[in-house]
Each structure stands twice: as structure tokens, then as C-alpha cells.
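Whatever order the structure lists ligands and atoms in, that order sets their numbers, starting from 1. Throughout, numbering of the chain's residues begins at 1 and tracks the sequence.
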Amino acid sequence: MHQDKMTSYWIRISLHDQGLMEELPNLPHLKGLHQCQDLPHLILELDGDDALIDRTLRLLEGLGEGLEIVEAGIGPWRDESLSKRFSLRLRIRAPGFKDKDAILIRTSSSFGTGLHPTTEMCLQLLEDLMEDHVLKDVFDLGTGSGILALCATRLGAQRVLASDIVMDACKEAFLNVQLNGYKDKILVVQDSHEIARPGGFDLVLANLLEATLKRIIPEIPTLLRPEGFCILSGLTIGQMKDLLLGINVFQTLKTLETSGWAAALLKKKF
Ligand SMILES: C[S@@+](CC[C@H](N)C(=O)[O-])C[C@H]1O[C@@H](n2cnc3c(N)ncnc32)[C@H](O)[C@@H]1O
């Protein structure tokens, strides 16, 4: 029997009827209840599985119009997280949340809730890039939960190859691809960069550890079309500086830094 793994969830609510405050501590598996830092909202933190989050959302909806569910997410709540960082085009939600425009991400073992700074910066660079460029073919190398592949598709990519060497990550990415209805656009494979067709991509996304990136970076230009792009992340600020110093086939268009991590948008020179 399939068993969902326990994980952390948060639900952000707006309470119009303060009388409902009494009901909230009775929610199953409630771990924390606190005021949002700079919004008149409450955050409910829960530990559970997808079935629990569904149940809790239904329970909250059942409390009537005195309470509004603003959003929900996977992972520990951070005040500066999701909704404020991602634009309206890229809203990431936990499965079960009723938001037809959001990208649904379920993660249990794979990396990629969207909350890690390395993922967040990739998404910021991706969104900026795709605002001005049509990118038909994208390769998401080290897809984890599939989050970058899904967001690239949402932003207009027509075909995305998403690979990961870890089978569990591939399974989760595949489930997320299904969940979001992108089976015809995203192909998930258990492999590394060797699976990708040389010269076949407008963009390579690579949020990987330093040792892996150092090894793979010389191969990335060969995967790209002339003037193709690459978004790198997963490195500390110092590691990124060292890596960029050592490569000359790319022009660095933009770098971002958050909490000691760096990400870069590069363009193939020729
Ligand atoms: C830091 S996570 C990034 C996940 C997701 N892309 C994101 O941005 O949140 C790195 C992922 O790369 C995978 N990975 C590590 N080495 C790899 C390789 N050589 N080829 C493909 N995937 C790899 C890991 O299994 C992991 O899922």
C-alpha cells in the first residue's frame, strides 16, 4: 500500500470572524499558529501527508465565510517565502489547494519545494528571461521535484527534458508533471546530461552541487543552440565567482545572491 511520507505544510488564512479563532487549535496535527509578519493573516503550521492537508483545507472551508484561505505551501513556513517572492505568473501550491492557476508541487523525498534560495533564484532568472525571449526547448538538468521544468512550461516552453539521476526524484517529478497536466510537454528521464541531444536546447537549467557543476559545465555549451542560455545555481557566492572565472564560452548576463547562495544567467557566446 502506498503511504505518503510525513512533511511540513503551512496554510495562510485571513480571519474575518474572530469568533472562529477558538476553532483553530482543534485542527488535527496543528504544530503552530502565528501571526504573519507584515500581513493581517494567520499562519497554520502542520505536520502530515497530502491526505491531511486536503482534510484540513476542507475543514477550514467548512468553517464558512468568516475565514478565507489565502494560500498553502509545502515545507516549513518562512515569513519571507512564496507568495511575496514569486510573481502572479508563478504561484506554487501544495496539492489539494484550490487554485486553478497555480503550479502544484508535491515533494516528499526530492529537492524542490521552491523555498530554497537556489531554486528561488533560478525561478527569478527564468521568469525574467522568459519575459523577453521565446524558449522552445528547455533542459532541466537535476530536476528534483520537477519544479523548474514545470515553471518553464508554465512560462511558455514547448518541450522540456527533465532529468535526474535519482529514481525517487524522477518518480516525484513525473507525478508533479501529471498533477499539472503537462505530460505532453515534459519528458522526465532518469539520467544526467548524456541523455540530452547536442545543440537541441534554448536553455539549460542546472541547480546542482559544485562538484557536479564543475564536472558538467564544459558539456553544457554543446547542448545549447547558438546564443542559447544557461541558468546555474546551487553554488555559494565564492564558488560561483570561481566557476565563472574559469569559463569563457559564456557571457554572464546577470547574477543573483541570497543568503550566501548565488545564481547566474549566462548566454552562449558563439
Ligand atoms: C539541488 S537539487 C535541484 C532540484 C530542482 N531542480 C530545484 O531547482 O529545486 C539537485 C538535483 O540534481 C540531481 N542530480 C545530482 N547530480 C546529478 C547529475 N549528475 N545529473 C542529473 N541530476 C543530478 C539530484 O538528485 C537533485 O535532485
Side-chain angles (χ1 to χ4, degrees), residues 5 7 73-76 78 81-82 85-86 90-94 103-130 138-155 157 160-177 179-180 182 186-198 201 203-220 222-223 229-236 239-240 243 256-266:
K5 290 192 185 133
T7 184
I74 301 176
R78 298 189 333 216
S81 68
L82 289 184
R85 292 241 182 136
F86 294 123
L90 287 183
R91 287 200 305 278
I92 318 279
R93 309 281 203 201
I103 291 166
L104 304 175
I105 295 284
R106 170 193 159 145
T107 61
S108 51
S109 56
S110 67
F111 187 102
T113 58
L115 285 172
H116 196 271
T118 59
T119 315
E120 275 181 304
M121 289 188 289
C122 280
L123 290 174
Q124 281 174 36
L125 292 171
L126 178 68
E127 201 175 7
D128 288 353
L129 179 68
M130 293 192 73
V138 174
F139 180 26
D140 178 13
L141 175 59
T143 195
S145 66
I147 186 165
L148 300 181
L150 288 162
C151 288
T153 309
R154 174 61 51 90
L155 293 171
V160 180
L161 175 63
S163 86
D164 203 294
I165 48 171
V166 175
M167 179 48 98
D168 280 351
C170 292
K171 282 185 190 163
E172 207 144 64
F174 182 70
L175 286 175
N176 284 325
V177 167
L179 197 61
N180 288 275
Y182 285 143
I186 304 176
L187 177 67
V188 181
V189 283
Q190 189 193 3
D191 213 315
S192 186
H193 59 289
E194 294 91 353
I195 188 73
R197 186 161 47 91
F201 299 90
L203 169 68
V204 173
L205 293 155
N207 180 7
L208 294 163
L209 292 175
E210 187 201 22
T212 316
L213 265 184
K214 268 185 163 168
R215 188 167 45 80
I216 290 177
I217 193 88
E219 311 300 331
I220 293 182
T222 63
L223 305 177
F229 297 93
C230 174
I231 292 178
L232 297 182
S233 192
L235 305 181
T236 63
Q239 290 170 344
M240 182 64 85
L243 188 84
L256 297 178
E257 297 176 359
T258 306
S259 312
W261 296 99
L265 169 63
L266 313 177

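Proximity of Thr118 to ligand 1, defined as any heavy-atom pair under 4.0 Å, is not found for any part of the residue. When heavy-atom distances to ligand 1 are checked against a 4.0 Å cut-off, Ile165 comes that close through both its backbone and its side chain. Contact annotation for Leu205 and ligand 1: no heavy atom of the residue comes within less than 4.0 Å of the ligand.
Proximity to Leu141 (heavy-atom distance under 4.0 Å) selects the following atoms of ligand 1: 20 (N), 21 (C). Interface atoms of ligand 1 facing Ile147, defined by a heavy-atom separation under 4.0 Å, are 7 (C), 9 (O). Counting atoms of ligand 1 from 1 in the listed order, those under 4.0 Å from a heavy atom of Ile216 are 19 (N). Every atom of ligand 1 with a heavy atom of Val166 under 4.0 Å away is listed here by number and element: 25 (O). Annotation for ligand 1: atoms under 4.0 Å from non-hydrogen atoms of Asn207 are 1 (C), 2 (S), 3 (C), 7 (C), 8 (O), 9 (O), 10 (C). With ligand atoms numbered from 1 in the order given, ligand 1 contributes 21 (C) to contacts under 4.0 Å with heavy atoms of Asp191.
Nearest-residue assignment for atom 24 (C) of ligand 1 (options Asp164, Leu213, Asp140; heavy-atom criterion): Asp164. Nearest to atom 20 (N) of ligand 1 by heavy atom, out of Ala211, Ser192, Cys170, is Ser192.
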Check: Can Ser192 and Leu141 be said to form a side-chain contact (heavy atoms from CB on, under 4.5 Å), step by step?
Finding: CA-CA 7 Å; Ser192 186; Leu141 175 59; 4.0 Å; yes
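Considering backbone and side-chain atoms alike, Cys122 places every N or O at 3.5 Å or more from each N or O of ligand 1. Inclusion of His193 in the set of residues having an N or O under 3.5 Å from an N or O of ligand 1 is not warranted. Taking only nitrogen or oxygen atoms, main chain and side chain alike, Ser145 does not reach within less than 3.5 Å of ligand 1. Considering backbone and side-chain N/O atoms, Thr212 never comes within less than 3.5 Å of an N/O atom of ligand 1.
Contacts of Glu257 classified as side-chain hydrogen bond (donor to acceptor under 3.5 Å, both in side chains), with partners at least two apart in sequence or in another chain: none.
The closest approach between a heavy atom of Leu209 and any atom of ligand 1 is not below 4.0 Å.
Here the CG-NE2 distance, from Leu161 to His193, works out to 12.5 Å after rounding to the nearest 0.5 Å. To the nearest 0.5 Å, atom CD1 of residue Ile105 and atom CG of residue Leu175 are 11.0 Å apart. Here the straight-line distance linking atom CG of Leu266 with atom CD1 of Ile220 works out to 8.5 Å at 0.5 Å rounding. Note: Thr153 OG1 to Ile103 CD1 = 8.0 Å, rounded to the nearest 0.5 Å.
Taking each heavy atom of Leu179 and Leu104 in turn, the nearest pair found is CD2-CB, 3.7 Å.
Between the side chains of Thr118 and Asn207, at least one donor N or O lies within less than 3.5 Å of an accepting N or O.
Panel note: side chain Asp164, backbone Val166; a donor-acceptor pair is recorded below 3.5 Å. For Asp191 (side chain) and Ser163 (main-chain N/O), no donor-acceptor pair under 3.5 Å exists by modelled atom type.
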